[in-house]
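Take a look at the structure set out below.
Along the sequence shown, residues are numbered consecutively beginning with 1.
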Amino acid sequence: MDAVLHDLALHWPLYAAMPFVAALIGYVTKRVAIEMMFRPLEFIGVPPLLGWQGVVPKHGGRMAAVATELLTENLLDLREVVARIDPVIITHELEQPLLRAVDHIAREVLAEHHPRLWEVMPTLAQEMLVKQVQATAPRLVREFLDDVREHLDDVLDVQHMTVQRLTRDKALLVRLIRETSRPEMAFIARMGIYFGFGLGLVQTLVWALTREPWVLPIFGGAIGLFTDWLAIKLIFVPREPVRVGRVIFQGKFQRRRAEVARQYGELIANEVLTVQNLLDAVLRGPRADRLAALVEQMVSSAVDAQMPLAWTVGGTRLREMKRAAARKALEQLPDTARYAEGYLTEAMDVAKVIEQRMLALTPLEFEGLLRPAFRQDEWKLIAVGGVIGFVVGELQVLLMLG
């Protein structure tokens, strides 16, 4: 014991530094593990083994599929969202741009497919014909909305759209997970400091008693491994509040349910299920041909309603005009719908719907929102923490024995 006390007195600065170095190991290994989850977006190194790609972007497709499954099965019924759109209000919002679009399409189609008839018609007759077609526009909007609601699954594959969006934009997927889990990431880093300091005190005592060179690297590795593992576990468990005396324990992610629900709903609404993204999926997605057929059918009915026009045009030419009008209507749809984007966003209120549904999830379902980000290659992140801790421990040995 005298020898131990003598060594403590002789090297007290190094002994005093050990718990703080251990705390630093705990913090650094956590920060490294966190960054390795999200960076880099693309693989850096010599494939396939020598290098690294962030866990989230590497498994982007799988994580996007998990997030989409949770979204479509538990958080969002798109039929319910679309049902919030009021046909009267949307017609009013689109009135002027719709009239301009109809005017443009009618004049262009008639001039292209029946130029002789269009040229010989007096200007007043041309205007009257265009006005007749325009008069049917409000009814067409209401019918179009009703048909889309009725055949929503036929014209929109929301799962395909969401997975494709999140897979194609890796930075968006990273932001979706990182923004909703930022406090948890900070918690992991802080726990590394606290746990590391505590283990560092034990490490200091064992080193003083044994002076065994392997103590420092082994403790350093153990600090990196154990604190990484424990910090991740404490994010999610216990799932339900557990009271111990006056203290209530619950996984940090579970405690933040209301905040996470709000953040996640806003991110999905502003980055994924936007009006423009939904419209793009309808027009260019795997079921776009069904929407085209729906629009062509509606345009055909509208043209047939103009009996004088139908009488003056042959059957073949009339069919060509209908197809051309439908094609141009689809081309004009994004620009026309842009004028109602504000109303559609407010009416559908995707963020609020998701927030309310998330608050109703079971603790296990709620955990599934973030847990896949840690589960993928989790052992690698913990192992890296152990390696860093072991190396730092070796450096401590060199300082102590040098």
Side-chain angles (χ1 to χ4, degrees), residues 26-44 51-71 74-76 162-193 227-237 251-274 277 350-351 354-355 358-359 361 365-385 388:
Y27 177 77
V28 170
T29 54
K30 302 306 155 294
R31 293 306 313 178
V32 170
I34 291 169
E35 293 306 314
M36 288 178 67
M37 285 183 59
F38 302 111
R39 298 180 183 178
L41 291 178
E42 303 295 340
F43 185 88
I44 294 179
W52 185 259
Q53 182 181 12
V55 173
V56 172
K58 178 182 178 181
H59 299 283
R62 193 181 310 168
M63 291 189 180
V66 171
T68 301
E69 182 179 358
L70 176 69
L71 180 67
N74 299 93
L75 302 182
L76 191 68
T162 307
V163 170
Q164 187 180 56
R165 172 84 172 140
L166 293 176
T167 304
R168 185 172 58 238
D169 190 346
K170 296 176 182 177
L172 172 59
L173 180 61
V174 166
R175 191 162 66 253
L176 183 64
I177 295 176
R178 190 158 199 166
E179 289 300 316
T180 53
S181 63
R182 192 172 294 279
E184 282 69 35
M185 301 306 168
F187 171 80
I188 288 176
R190 287 198 306 272
M191 288 301 100
I193 296 175
T227 56
D228 272 14
W229 174 82
L230 185 59
I232 291 175
K233 290 299 180 185
L234 288 178
I235 289 177
F236 301 106
V237 295
K252 185 172 180 61
F253 191 61
Q254 298 289 352
R255 291 202 310 269
R256 286 200 319 116
R257 175 183 288 246
E259 182 183 351
V260 171
R262 178 183 55 78
Q263 289 179 330
Y264 193 79
E266 289 176 355
L267 278 168
I268 292 294
N270 296 332
E271 302 279 0
V272 182
L273 296 181
T274 66
N277 286 347
V350 172
I354 292 176
E355 179 182 354
M358 283 186 70
L359 293 175
L361 293 176
E365 290 171 336
F366 185 74
E367 179 182 314
L369 178 69
L370 184 61
R371 192 70 179 92
F374 289 91
R375 188 174 288 116
Q376 296 294 337
D377 288 347
E378 181 177 306
W379 68 272
K380 292 182 181 179
L381 301 177
I382 295 174
V384 167
I388 294 174

Rounded distance [0.5 Å steps], CD in E35 versus CE in M37: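 It is 10.0 Å, given to the nearest 0.5 Å.
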
Roughly how far, to the nearest 0.5 Å, is CD of E365 from CE of M358?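 One gets 11.0 Å once the value is rounded to the nearest 0.5 Å.
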
As a quick check of understanding, evaluate side-chain contact (heavy atoms from CB on, under 4.5 Å) for L172 and L166, giving each step before the final call. CA-CA 6 Å; L172 172 59; L166 293 176; 4.0 Å; yes

Using modelled atom types only, decide if a donor and an acceptor are shared between the side chain of Q53 and the backbone of L41 within a distance under 3.5 Å.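 Between the backbone of L41 and the side chain of Q53 there is a qualifying donor-acceptor contact (under 3.5 Å).
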
Quick one: closest heavy-atom pair of T167 and A64, and the distance?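 Closest approach of T167 to A64: OG1-CB, 3.7 Å.
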
Shortest non-hydrogen contact from P57 toward P40: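 Closest approach of P57 to P40, heavy atoms only: CG-O, 3.6 Å.
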
Using the test side chain to side chain donor-acceptor pair (under 3.5 Å), find all partners of [X] that sit at least two apart in sequence or belong to another chain.
| X | value |
| --- | --- |
| E69 | none |
| K252 | none |
| T274 | N277 |
| R256 | E184, E259 |

Show every donor-acceptor pair shorter than 3.5 Å between a side-chain atom in residues 262-272 and any protein atom, with sequence neighbours excluded, or say none if there are none.
residue	atom	partner	partner atom	Å
N270	ND2	E266	O	3.0
E271	OE1	R175	NH2	3.3
E271	OE2	R175	NH2	3.4

Which residues satisfy the side chain to side chain contact (heavy atoms under 4.5 Å, CB included) test with R257, sequence neighbours excluded?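 Partners of R257 by the side chain to side chain contact (heavy atoms under 4.5 Å, CB included) criterion, ordered by chain and then number, come out as Q254, L359, L361, P363, F366.
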
Hey, does E42 have a side-chain heavy atom less than 4.5 Å from the side chain of K170?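 When only atoms from C-beta onward are counted, E42 and K170 do touch, with a gap below 4.5 Å.
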
